[in-house]
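Beneath this line is the structure, given in C-alpha cells, with notes to follow.
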Amino acid sequence: MKKRYIASAAGAVGAGITGYILRNAENRDKIKSKLKTAAEKIRNGENDHERDTTFEDAGAPDQAKQKDMAQLENSKMVSEGSQFGVDYYNKVKEDKNEKLNR
C-alpha cells in the first residue's frame with residue numbers, strides 16, 4: 001500500500017519538474033531537437049564508435065577518404081607488413097557482431 005503512494009508521489013514530482021523545465025519555448029525546442037537527433041541515431045544505427053574515422057581508417061588504411069600525412073604513414077606501414085591496426089579493427093568488429101547476435 002505504501003509503495004503505491006511513494007510511486008504516485010514520485011510520479012507527481014517528476015511531472016512537476018518536467019512541467020517546470022518545459023514551460024519555456026526555448027527549452028521545449030532544445031528538448032525536441034535533442035530527441036530528434038537521438039531518434040535519427042537510433043534509426044540509422046549510429047554510435048560514437050562507428051563515427052570514429054580514425055578507427056574506421058585503421059581497418060583499411062589504403063582505402064581512406066582522407067589522405068593526411070598520418071593516414072599515409074599508416075598505409076605505408078601496412079604495405080610494409082604491419083597488421084596491428086587491421087587486426088585490432090577486425091577484432092573490434094567481430095566482438096560487436098557477436099554482441100548484436102546474442
Side-chain angles (χ1 to χ4, degrees):
M1 191 71 152
K2 290 183 181 181
K3 288 182 183 179
R4 186 170 68 186
Y5 293 128
I6 291 173
S8 298
V13 168
I17 290 172
T18 303
Y20 179 76
I21 291 172
L22 296 178
R23 76 184 196 290
N24 262 351
E26 183 180 332
N27 288 345
R28 284 192 302 270
D29 292 338
K30 284 181 185 177
I31 297 289
K32 283 181 187 178
S33 68
K34 288 183 182 181
L35 287 174
K36 284 181 184 178
T37 345
E40 287 174 12
K41 284 183 180 180
I42 291 171
R43 270 190 237 117
N44 296 334
E46 286 184 20
N47 61 30
D48 291 336
H49 191 69
E50 287 179 350
R51 290 185 298 164
D52 186 6
T53 58
T54 306
F55 176 74
E56 291 297 323
D57 290 345
D62 58 337
Q63 300 169 7
K65 293 176 186 173
Q66 297 175 344
K67 298 292 183 186
D68 59 353
M69 283 304 291
Q71 190 61 34
L72 292 173
E73 287 295 321
N74 193 13
S75 296
K76 182 180 173 187
M77 287 191 310
V78 170
S79 70
E80 292 173 351
S82 173
Q83 291 294 307
F84 178 77
V86 178
D87 290 338
Y88 178 74
Y89 174 83
N90 290 337
K91 183 180 181 312
V92 170
K93 286 293 187 178
E94 286 174 10
D95 291 346
K96 180 182 172 189
N97 287 338
E98 286 178 9
K99 287 180 183 178
L100 290 175
N101 292 331
R102 286 184 188 177

In the single-linkage hydrophobic clustering (I, L, V, M, F, W, Y; side-chain heavy atoms under 4.5 Å), do Y5 and V13 co-cluster? no
Any ion pair linking K91 and D87 (charged N to carboxylate O, less than 4.0 Å)? no
So how far is it from D29 CG to E26 CD, rounded to the nearest 0.5 Å? 8.0 Å
Just by distance, do the side chain of N27 and the backbone of L22 share a donor-acceptor pair under 3.5 Å? no
Mind listing the closest non-hydrogen atom pair of R28 and R23 along with its distance? NH1-O, 3.2 Å
Would you mind checking if K36 and E40 are paired as a salt bridge, meaning a charged N to carboxylate O distance below 4.0 Å? no
Value rounded to 0.5 Å, distance of CD1 in I31 from CG in N24: 11.5 Å
